[in-house]
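In this text, all values refer to a predicted model and were calculated from it rather than measured experimentally. Both counts, for ligands and for their atoms, begin at 1 and track the order of listing. What you see below is based on every heavy atom in this structure, not just the backbone, and it leaves out hydrogens, waters and symmetry mates.
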Amino acid sequence: MTKYIFITGGVISSLGKGIASASIGALLQSRGFTVRQRKMDPYLNVDPGTMSPFQHGEVFVTDDGAETDLDLGHYERFTGSSCHKSDSISGGRIYWNVLTKERQGEYLGATVQSIPHITDEVKRFIKSDLHGEDFVIYEIGGTVGDMEGFLFLEGIRQFMNEVGRDNVLLIHLTLVPYIKTASEVKTKPTQQSVRKLLEMGLSPNIILCRSDVLIPENEKKKIAMFCNVKPEDVISAPDTDNIYKIPAVYHKEHLDDRILNYFNLLSVSNEPDFEKWIKISNVLGNWKHNITIGIVAKYCGFPDAYKSLNEALAHAGISNETKVNIKWINSEHLEEMNPTEIENIFSDVDGIIVPGGFGHRGVEGKIKAAEYARIHNIPYLGICLGMQVAVIEMARHLLGIKDANSTEFMSECTPVISLVTEWEKDGKKEIRDENTDKGGTLRLGAYISKLLPDSLASKVYGGATEISERHRHRYEMDIKYEDELKSKGVVISGKSPDGKLPEIIEIPAHKFFIAVQFHPEFKSRPFAVAPLFDALVKICLKK
Ligand code: GLN
């Protein structure tokens, strides 16, 4: 029978619950079990698609086109398996579902209330779309004690009673601060946050303690005594210099054994298959080479806004035993710079990436970056908006269309990039126009691109003739410029299967200039780097 693990966070936010959950998934997988990972976010947005990356970090996109919390990216990277639309829910979606049912008369005149209707919807989500996985791990967003998280926790409490406590494990991730002046760790915040859980009828079975240091045995005993757990179920989660070392750290702390012990599954579990995590821990830090990639972006200083991109570059670093340094270049600053300043800023980068983005702010700076890379033969990877700015740049400077632009940024222009109004999804036509709602209506999820034989794109993807990558965009290059661009040495090397939507452009005479309408970073994994990032790092190493 499926076992359920719920992971809550205490004391403060940003403790790394997502990475902790993902690492637990990886641990259980290494013991031979199948794992599904899910996220429940109590906030009231229906999904994170329209939330600012400043506040919420990157929007992660699944194969089946859900715009989700970035933690789903961690789950995929740590376990190697793809998440689904049904693996993520927000408080807003729960309310939306309940209110939709109310409007449709499904409650047959009953007074619709938080309990039971909202909590029933929480329970429905917990049980939905499962396929006999050994473990389903649910991360609860926010911090215990947050008002909006209450109904989720109440739903979990009820669910535990329904499926039996033996089938449910609660892990509480908490902060155990190390106080330098006293040279000791403090357990009080943990005691208090567990007390908050107890008030809601939930008693954690394992307490995972984030701390600068390993938690000394005495403090473990103290936490155990105050929080009703065994000392061996108080687990240290010390800081590491790289997230991919965490599964090995948890394993050393016997977290997998303790989880399996709780469910009486120790005897049927495999010997831990930990080879790959040990190997990766050895590569990290023992770099043979060093390169710098300039990322020209709007949200510099907010690396969470580009989480999957950073990780994909880290994966390419792992596969090439190379330390990949990132130089963040603010696209708005670039707009103000003269040619000498621009030359200076790019003087120490081996390659340039212009990542995805929305809105007109900083776009002219990104166009300058694409132009600089093209003219100076610097490896360039354009991602989504990074492809669109490259096309605008080429239209302006190679085709002489001075006012070339995207209708996203300017209505009075020659639109080389415009709203994609029609496309095929699973054999059906999707149609959009200017008035379509902003949430969840982009061209989202995995789509096939057909690759031009012998192109750079096809070489990068190991000679493939078609690939599937994840998309998240509303605008699209106008294919009518294909021949004109070709005459100037720019080739469309990837297209949608119907040939209507350009997916990849490249410049065959350039060292490495490739720009893609999709987001290759979403599918990159530490043990299976996305080909485009691997190729970028490889070309940068050929200095
Ligand atoms: N803003 C552009 C569009 O909607 C690019 C989106 C992106 O980079 N993800 O098409």
Side-chain angles (χ1 to χ4, degrees), residues 47-54 56-63 65-68 70 73 295-300 302 304-310 312 331-332 352-367 369-370 380-393 395 404-411 413 415-423 430 432-447 449 469-479 494 496 500-505 514-524 530 532:
D47 62 43
T50 52
M51 289 166 87
S52 160
F54 269 131
H56 204 69
E58 155 191 287
V59 174
F60 187 76
V61 178
T62 56
D63 270 333
E67 292 180 288
T68 73
L70 56 77
I295 301 185
V296 181
K298 190 159 67 171
Y299 302 112
C300 295
F302 291 88
D304 268 8
Y306 305 98
K307 193 87 212 169
S308 296
L309 176 62
N310 295 334
S331 51
E332 284 178 276
I352 297 174
I353 291 181
V354 175
F358 292 82
H360 72 278
R361 231 164 21 89
V363 159
E364 288 301 322
K366 292 176 187 176
I367 293 173
Y380 179 86
L381 174 58
I383 297 174
C384 206
L385 180 62
M387 167 168 161
Q388 298 176 358
V389 293
V391 171
I392 296 171
E393 188 279 310
N405 215 322
S406 162
T407 52
E408 178 177 7
F409 314 129
M410 197 170 274
S411 46
C413 66
V416 288
I417 311 285
S418 41
L419 193 72
V420 44
T421 50
E422 238 183 73
W423 67 91
E430 295 271 341
R432 303 283 188 275
D433 66 29
E434 305 284 349
N435 301 320
T436 308
D437 277 355
K438 288 281 177 282
T441 55
L442 294 87
R443 183 167 175 251
L444 284 168
Y447 284 90
S449 306
E469 292 281 12
R470 298 182 190 172
H471 292 65
R472 181 174 183 245
H473 62 119
R474 197 173 272 124
Y475 296 84
E476 177 73 49
M477 170 188 174
D478 192 332
I479 198 148
S496 57
K500 289 185 185 158
L501 303 178
E503 295 274 21
I504 308 176
I505 58 161
I514 188 159
V516 297
Q517 190 51 72
F518 46 81
H519 289 266
E521 69 273 27
F522 289 143
K523 284 193 7 183
S524 191
L532 279 160

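Ligand-side atoms of ligand 1 in range of C384: 5 (C), 6 (C), 7 (C), 8 (O), 9 (N), range being under 4.0 angstrom from any heavy atom.
The protein non-hydrogen atom at the shortest distance from atom 9 (N) of ligand 1 is R472 O, 2.8 Å. Nearest protein neighbour of atom 5 (C) of ligand 1, counting heavy atoms only, is G357 O, 3.3 Å.
Taking distance alone, with nitrogen or oxygen atoms compared against 3.5 Å, Y475 approaches ligand 1 more closely than that limit. The shortest N or O to N or O distance between L442 and ligand 1 is not under 3.5 Å. Annotation: H473 places no N or O atom under 3.5 Å from an N or O atom of ligand 1; distance criterion only.
Screening V354, V296, V363 for a side chain to side chain contact (heavy atoms under 4.5 Å, CB included) involving S331 leaves a single residue, V296.
Between E503 and R443, at least one side-chain N (NZ, or NE/NH1/NH2) sits under 4.0 Å from a carboxylate O, which counts as a salt bridge.
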Step by step, work out the side chain to side chain contact (heavy atoms under 4.5 Å, CB included) result for E408 and I417. CA-CA 8 Å; E408 178 177 7; I417 311 285; over 6 Å; no
Set out, in order, the CA-CA distance, both residues' side-chain angles and the distance that settles side chain to side chain contact (heavy atoms under 4.5 Å, CB included) for L442 and E67, then state yes or no. CA-CA 10 Å; L442 294 87; E67 292 180 288; 4.0 Å; yes
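Heavy-atom separations between H519 and ligand 1 include at least one value shorter than 4.0 Å.
Evaluated by nearest non-hydrogen atom to atom 1 (N) of ligand 1, the leading choice among R443, Q517, R474, E408 is E408.
K298 has its side chain out of reach of F54: every pair of non-hydrogen atoms, C-beta onward, lies at least 4.5 Å apart.
In this view, P502 and M387, E476, M477, I479, I492 satisfy the side chain to side chain contact (heavy atoms under 4.5 Å, CB included) rule, not counting sequence neighbours.
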